[in-house]
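The block underneath contains the structure these notes are about, expressed in structure tokens.
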Amino acid sequence: MGKVEGGMKCVKYLLFVFNFIFWLMGSFVLAVGLWLRFDPETVSLLSGSRAPDTFFLGVYILIGAGSLIMLVGFFGCCGAVRESQCLLGSFFACLLIIFGAEVAAGVFGFLNKDKIIKDVQNFYSEAYLENSNSTMILSYQKVLNCCGTKSTPCDAEPESENKDCETKIKDFFDSKLFIIGYVGIGIAGVMIIGMIFSMVLCCAIRNSREVI
């Protein structure tokens with residue numbers, strides 16, 4: 001069995017290091033997803049029976065993607081060390097699929113960002129009109145440091161800096177969605193590098209075996 005030599009041996013170890021970093025990034029994505037799912041502030045705002053589930057749907061996708069990235073990174077490490085064309089080809093195909101899914105999820109999230117925020121704002125407004133002193137409403141006001149709605153402001157002190165809760169909801173989820181966006185962009189860049197390395201090494205292994 002032919003072994004890669006020279007510059008390709010360097011690519012082999014670079015790919016191994018890349019896959020280890022890729023595995024760590026998968027762990028980070030999984031951790032961010034779990035944090036967004038179990039973050040006490042987020043859970044307290046979306047724990048009602050009629051609460052919109054669009055945000056948590058995106059979070060579940062993030063958790064699944066993180067787990068898959070960790071698994072793919074592990075197989076990529078094995079493929080690089082064993083110089084297996086099969087494992088490296090499978091690694092490339094998995095990266096391509098994940099990359100496509102990530103782009104699709106990013107486009108979906110970007111197009112539906114305003115809808116997610118609007119759904120939560122409507123959920124809050126309806127609950128506030130029904131009972132402005134309910135436990136859920138008080139939780140919103142405590143977590144977001146807000147009061148009332150745009151149409152029905154509460155009796156806050158004139159000098160108070162509290163905004164209405166609909167505005168605070170938009171600010172809150174904008175910050176959360178930006179975190180997901182930045183993580184996704186970073187992962188996409190790393191995946192492109194990984195696909196290039198895996199193809200270069202796979203071709204080098206095939207050529208070395210043909211020479212043998």
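The model shown is predicted, which means the values in this text are computed figures rather than measured ones.
Between the CG atom in L71 and the SG atom in C94 there is a gap of 8.0 Å [rounded to 0.5 Å]. With rounding to the nearest 0.5 Å, the separation of NZ in K168 from CD in Q121 is 13.5 Å.
Inter-residue side-chain proximity for Y140 and V120 is flagged as met; some heavy-atom pair is nearer than 4.5 Å.
Residues V200 and L96 are members of one and the same hydrophobic cluster, defined by side-chain heavy-atom contacts under 4.5 angstrom among Ile, Leu, Val, Met, Phe, Trp and Tyr. In this structure, I192 is not a member of the same hydrophobic cluster as I97, with clusters built from ILVMFWY side-chain heavy atoms closer than 4.5 Å.
A distance-only check finds no donor-acceptor pair linking the side chain of E166 to the backbone of T149 [under 3.5 Å].
Residues I169 and Y124 share a closest heavy-atom pair of CD1-CB, 3.8 Å. The two residues S67 and L30 have their closest heavy-atom pair at OG-CD1, 3.6 Å. Minimum interatomic distance between W23 and M70 (heavy atoms only, all atoms of both residues): CD1-O, 3.0 Å.
Judged purely by distance below 3.5 Å, without hydrogens or angles, the side chains of T167 and D164 pair a donor atom with an acceptor atom.
Remark: S27 engages no residue in a side-chain hydrogen bond (donor to acceptor under 3.5 Å, both in side chains) (not counting sequence neighbours). With sequence neighbours left out, the ring pair (Phe, Tyr, Trp, His ring centres under 6.0 Å) criterion links F16 to no other residue.
Ring pair F18/F91 is perpendicular by interplanar angle, where above 60° counts as perpendicular and below 30° as parallel.
Between C146 and C165, the gamma sulfurs sit within a distance below 2.5 angstrom.
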